[in-house]
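One structure is given here, and the rest of the page talks about it.
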Amino acid sequence: MAEYETIEFDVLIIGAGGAGLRAAIEASSTGISVGLVCKSLLGKAHTVMAEGGMAAALANVDERDSWKTHFADTMRGGYYINNWRMAQLHAQQAPDRVRELEAWGAVFDRTREGKIMQRNFGGHAHPRLAHVGDRTGLEMIRTLQDHGIHQGIDVHMECTVTSLLMDGDRVAGAFAYARELGKFKLFKAKAIVMATGGIGRAYKITSNSWEYTGDGQSLAYHAGADLIDMEFVQFHPTGMVWPPSVRGILVTEGVRGEGGVLKNSSGERFMFGDIPDNYKSSTADNPEEGWRYVTKTDRNARRPPELLTRDHVARCILKEVKAGRGSPHGGAFLDISWIKEKIPNAEAHIKKKLPSMYHQFKELAGIDITTEPMEVGPTTHYVMGGIRVDGETQMSTVPGLFAAGECAAGLHGANRLGGNSLSDLIVFGKLAGEHAARFAQENGKPAISDADVNSALLEALAPLDSSRATNAGGAYQIQYDLQEMMQSNVGIIRQEDEMLEAVQGIEALKQRAANVAAPGNRQYNPGWHTALDLKSLLLAAEAVARSAIVRKESRGAHTRDDYKNKEEKFDSVNTIVRMGKDGQMQVTLESIPKIPAELKQIIDDHK
Amino acid sequence: MSEDLSSLKRRPWGMTLRQDTWWIVPLVVFLVLTSFVVYATWAAFQNEHYVHRNYLSPFYSPLLFTGGDMGISGDGHQHGLFGDKPGWWLLPFFSPALLILPFPAGFRMTCYYYRGAYYKAFWADPSACAVGEPRNNYLGENSLPLILQNIHRYFLYFAILFLFILAYDAFSAFFFDNDGDGKFTNFGVGVGTLVLCMNVFLLTGYTFGCHSLRHLVGGWMDIFSSTPAKTKCYDCVSCLNRQHMVWAWCSLLWVAFSDVYVRLCSMGIWTDVYFTFT
Amino acid sequence: MARVTFKIWRGDKQAGEFKEYNTEVSEGMVVLDAVHQIQAESANDLACRWNCKAGKCGSCSAEINGMPRLMCMTRLNDMNLDEPVSIEPMRAFPVMKDLVTDVSWNYRVKKKIKPFKPRLPDNDDGSWNMQQQDVERVQEFRKCIECFLCQDVCHVLRDHHKHDEFIGPRYFVYNAALEMHPLDEEDRLADLKKSQGIGYCNITKCCTKVCPENITITDNAIIPLKERVVDEFYDPLTKLFRIFKPRK
């Protein structure tokens, strides 16, 4: 029998991106013992990929901004199925969280008055995104990391949790392997915070890294927690499309925020042709007005249609491609170089404002964005759905199990506004850390049975069993097949029959995954790691497909060809995914609690 | 005790998986610097042919001694500072360049750019990036003798002083003696004038791009916005500093050429062409 | 497009060697793509670190044809593919397995550097006023993605293993970002001179050459810090001068 090391904490945080680090800092500040487990090295989490900025109503650039406007924008962007309490807390607390980052050493771009600079972004009424060029995520994670390492947090890097262990209904610990030598670790904890991020690896074209395999969603699900709104997967409208090996890599919305325009092959700014009714009053109807908005020279100018919500822009690009007006490699043209007609020193301005985009296209595609347009197309970017949490405490439906960041659900509803995810991380990371610490202080030590640990251990070792047949490709092939299928059957535009096919396909892949073999030993073996990730990835994919089937309408990021419109009966329901008594996945619909009158009033005031 | 942190064996000298011609740069640096040092040393010991009419070789500037036993009268140069060769000089050979050259040599020896370059070319420490080294032990600039590199800024102060002296030489190079009365009062321009002016220009570009100067004029501050004048200076020095390497080589080669020019003219091998306007 | 041979170092702490792999290379591929392809086709357990595949996380550091580089930002069509392409792990750190090295030393070093200590806030809401001009120098340093390529190429670590006395270019950049931060009030110069060994740097500028973020490490971070150390420890005149005109 393989051995394992046992480590005890008051609070265990799984995931070390923005949310996990913020939660760890908060929990450790109360003086309790905190462990932090992450799949990669510290500071490499997906947060570094975030580019544009973090939304917070600081009102530094436009003093008309307030938490109320931010709240209303978030609700409208989410098609009103957001957890309104989370949207409220988020809008109210984000400014303090951003200022706190500055106190910990973050260096944001500045306004002329020396305050934190804010930029325009899709769906936000005012310039609201605090940013550092186009590497805001890096700034955030580095700030949290550099602050966190002096807080006495015990960090376990390159360590992957394979299952949660329970004491009755309550979460009691986590079982993990360390990549270096493949040794097992049992973490006992009074409370656990999930901060594992998203599920983007379930798709072929994605901006997400290998880590994004839905671990948090899957671990929580198997521990008995509810997942909600899993059908809402955000396809970012602008990912790279060429060359093939970089397909899916993100092109920040900041490009459009700085004046970038979308054009089809005939040079037409096609976004002007399709502006949804609920955004008509707030969207520019001519390029000149859009430019005045972007340059903040006219406070009454309305935003250009390129800055509409991501779901809409993604659909419009897809429509152009389908109509044969796409770019040579199946995307649309995103052009920032045109601003040289408008401003002197355009080249220097672009390099200053979008340095990593300049770099990325120059190095990877051989394109100079200061002189040529980029080719872009939709890429899987974010999952709005995830672990169902209480709006105040961030505790899931499992006692002691908390969640924050992308793996938690509620804030974004049917579609996330750009910039709201970074602020989500720090607002709810803090709350989750705070309430997890409180839970740990108020509850005793849970017990873990040896039998549970043993079965977790056996499950983790199974792919290395040499008696299993090695079919070519193994775990990698199963992952490719899943990605291919999800991309074509549960992608941007969905249909009932295709999704049913996908559900069947996932069942078949599960059978294959149950017998997958990984050659080699336990020492830093990516084949083995990929095999172990399959469980989460398949669960996440299944939850997306099954939820998407149940929501028979089009709303936000969820677009169906067979139900093209928003349906009233889905106006205020969440889809709930949970494990049934028989171990099968069950999907139900549940009404959202009624929104308080004062919040309703804020929404109406901003319509 | 140093913990053993590398399990891949270190590569012996010159070994690397690099496929480019990494050895060219250190080799060129080695050859050019060696040639310069050999020539400058030879020229310094000559103690003759450093003045041609109103031109003075930068190796011998400022003109320290113009006494009878120096073999020159210092014509054209009013700044012959002292008279005869000093009585305290004990060595059998003498040249004023030996008193002058240590200052610019010190400035270049301790220059941040040259340090990196000659450590690579002369000491193979390392020969080039990611290429194996010949020695196991390493002291760096952490202890004697290289800890002395830290006095670079004092050499900078002298280098700035020398710029004024050389500027004066270049200025003097505009005034010729048409009637042979020993008074250099005719304004004009010769090839030598241009050579000496260029010398001052390049040395100024090199000296004012110095890393130490960049620090002293503003780099030491953390907040710039409250001192616009200093910031302007800092920006100018930073701008020159970005091309410090180019300035370093151009000025080095030109200063040697200036000496060659004056020397060959003085020896009568080259003839200086000039025009006067007054 | 073409079949290309890759020589990849396989092994662990005890022993290792180059093994040759052949794979099909197509347009626009980077070295990391080739490694993944080899991993999926013929070496399932080939260990390599990666995350973002867009040059933003700094995980996939390795030595490609002898130069420290990010695998995800090294395009194959910029290389000579007639010869085998060699890929080996970073040499300044102990090997874990194949292309993966144990970089934990870096994390231990960072913990020892004195953290950010801001002055009291300028405004009632706890915020500060800073001009863009004043933060730009620090912003350059904060672009660092901690790929540790600069640490790898620095011969003080790579060849002379001064890991106990020298913190490496990455942490000089980190120190510079703190020391030159307009709000910071901490003094790290004594540490830089003594325990962090800035004097070991002999200005090879190799760190600047390999930096994938194009941070001018030597000229903008290390040399200015060396000069500040000179102010404090080697130059009596400036020391005297600073008494009348303090640095902050």
Side-chain angles (χ1 to χ4, degrees), chain B residues 1-11 16-20 22 112-117 119-120 123 125-126 128-133 135-143 146-154 211-212 214-216 219-226 231 238 241-242 244, chain C residues 9 13-14 16 63 65-68 80 83 86 88-89 91-95 102 105 131 133-134 153 155-166 179-182 184 197 199-206 209-210 218-219 223-224 226-231 233-235 238 242 247-248:
Chain B
M1 268 303 289
S2 181
E3 51 181 317
D4 182 26
L5 273 160
S6 185
S7 54
L8 283 175
K9 280 215 180 68
R10 51 173 292 183
R11 294 205 162 99
T16 177
L17 291 181
R18 281 178 67 169
Q19 295 178 335
D20 56 341
W22 55 266
Y112 284 101
Y113 165 69
Y114 280 110
R115 273 143 77 176
Y119 292 147
K120 285 193 191 112
W123 197 238
D125 209 5
C129 304
V131 173
E133 293 185 20
R135 285 169 301 274
N136 284 319
N137 58 324
Y138 180 74
L139 296 170
E141 300 182 340
N142 221 16
S143 47
L146 296 183
I147 200 165
L148 291 175
Q149 305 278 29
N150 286 313
I151 60 172
H152 182 49
R153 59 179 62 167
Y154 285 91
H211 289 87
S212 286
R214 184 172 182 229
H215 170 76
L216 292 166
W220 58 276
M221 300 187 299
D222 293 337
I223 294 171
F224 292 89
S225 52
S226 50
T231 305
S238 299
N241 181 264
R242 277 190 278 278
H244 201 42
Chain C
W9 196 89
K13 277 193 182 102
Q14 278 79 42
E63 301 199 359
N65 281 345
M67 272 310 266
N80 173 17
E83 300 276 318
S86 73
E88 61 174 340
R91 299 179 68 90
F93 308 112
V95 173
D102 177 1
W105 171 78
Q131 290 301 314
Q133 184 187 19
D134 295 327
V153 81
H155 72 132
V156 182
L157 299 171
R158 181 189 181 87
D159 291 308
H160 301 296
H161 307 306
K162 297 271 183 210
H163 294 76
D164 287 349
E165 307 155 75
F166 179 71
E179 276 293 298
M180 298 176 193
H181 195 301
D184 183 71
Y200 277 116
C201 166
N202 70 343
I203 324 164
T204 64
K205 298 201 180 182
C206 294
K209 256 177 226 145
V210 300
T218 320
D219 288 320
I223 295 177
K226 276 184 174 248
E227 284 294 317
R228 287 183 181 206
V229 169
V230 174
D231 275 359
F233 297 100
Y234 298 108
D235 182 357
T238 32
R242 296 275 185 268
R247 192 153 58 90
K248 308 270 166 175

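Both backbone and side-chain heavy atoms feed into the values below; hydrogens, waters and symmetry mates do not. Chain identifiers are assigned alphabetically (A, B, ...) following the order of the sequence lines, protein sequences preceding nucleic acid strands; residue numbering begins at 1 within each chain.
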For C/D235, give me all partners under salt bridge (Lys or Arg N to Asp or Glu O under 4.0 Å), at least two apart in sequence or on another chain.
B/R153
C/R91 side-chain N/O to B/K9 backbone N/O, donor-acceptor pair under 3.5 Å:
yes
Using non-hydrogen atoms only, which part of B/N150 is less than 4.5 Å away from chain C: side chain, backbone, both, or neither?
both
Which bit of B/Y119 is near chain C, if near means a heavy-atom gap under 4.5 Å: side chain, backbone, both or neither?
side chain
Gap between atom CZ of B/R11 and atom CZ of C/R158 - 0.5 Å precision
7.0 Å
Taking C-beta and beyond as the side chain, do C/Y234 and B/I147 meet within less than 4.5 Å on heavy atoms?
yes
For B/G219, does its backbone N or O pair with a side-chain atom of C/R228 as donor and acceptor, under 3.5 Å?
yes
Part of B/D20 within contact of chain C (heavy atom distance under 4.5 Å):
neither
Sequence-distant partners of B/K120, side chain to side chain donor-acceptor pair (under 3.5 Å), two or more places apart:
none
Checking the side chain of C/D134 only, and the main-chain atoms of B/I223 only, is there a donor and an acceptor separated by less than 3.5 Å?
no
Which heavy-atom pair separates B/D222 from C/M180 by the least distance, and what is that distance?
OD1-CA, 3.4 Å
Tell me, do B/F224 and C/Q131 make a side-chain contact under 4.5 Å, heavy atoms counted?
no
Using a 4.5 Å cut-off on heavy atoms from C-beta on, say whether the side chain of B/L17 contacts that of C/N65.
no
Rounded to the nearest 0.5 Å, what separation is found between the CG atom of C/N202 and the CD atom of B/Q149?
9.5 Å
Distance check, rounded to the nearest 0.5 Å: C/I203 atom CD1 versus B/E141 atom CD?
4.5 Å
Identify which of B/S226, B/S225, B/G140, B/G116 forms the greatest number of heavy-atom pairs closer than 4.5 Å to chain C.
B/S225
Heavy-atom contact with chain B under 4.5 Å, split by part of C/P68:
side chain
Straight-line distance of B/T16 OG1 to C/M67 CE, nearest 0.5 Å:
8.5 Å
Spacing of C/H155 atom NE2 and B/R10 atom CZ [to the nearest 0.5 Å]
10.5 Å
Work out which heavy atom in B/A130 is nearest to a heavy atom in C/V153; give both atom names and the distance.
N-CG2, 4.1 Å
Distance col, row C/K209:NZ vs B/C129:SG, nearest 0.5 angstrom, shows 4.0 Å
Is B/L146 close to chain C through its backbone or its side chain, or both, or neither, when contacts mean heavy atoms under 4.5 Å?
neither
Would B/H211 and C/E227 count as a side chain to side chain donor-acceptor pair (under 3.5 Å) here? Give the steps.
CA-CA 8 Å; B/H211 289 87; C/E227 284 294 317; over 6 Å; no
Under 4.5 Å from any heavy atom of chain B, what part of C/T238 do you find: side chain, backbone, both or neither?
side chain
C/H160 vs B/Y138 aromatic rings, parallel, tilted or perpendicular, using cut-offs 30° and 60°?
parallel
Tell me which of these, B/N137, B/D125, B/V131, B/N136, has more heavy-atom pairs under 4.5 Å with chain C than the rest.
B/D125
Residue among C/E63, C/K226, C/E83 with most heavy-atom pairs under 4.5 Å to chain B:
C/K226
Would B/H244 and C/D219 satisfy side chain to side chain donor-acceptor pair (under 3.5 Å), going step by step from the backbone distance to the final call?
CA-CA 10 Å; B/H244 201 42; C/D219 288 320; over 6 Å; no
Bottom line for B/S238: the part with an atom under 4.5 Å from chain C's heavy atoms is neither
Applying a strict 4.5 Å limit to non-hydrogen atoms, the region of C/S86 in contact with chain B is side chain
Pair count under 4.5 Å, heavy atoms only, with chain B: among C/T204, C/I223, C/T218, C/N80, highest is C/I223
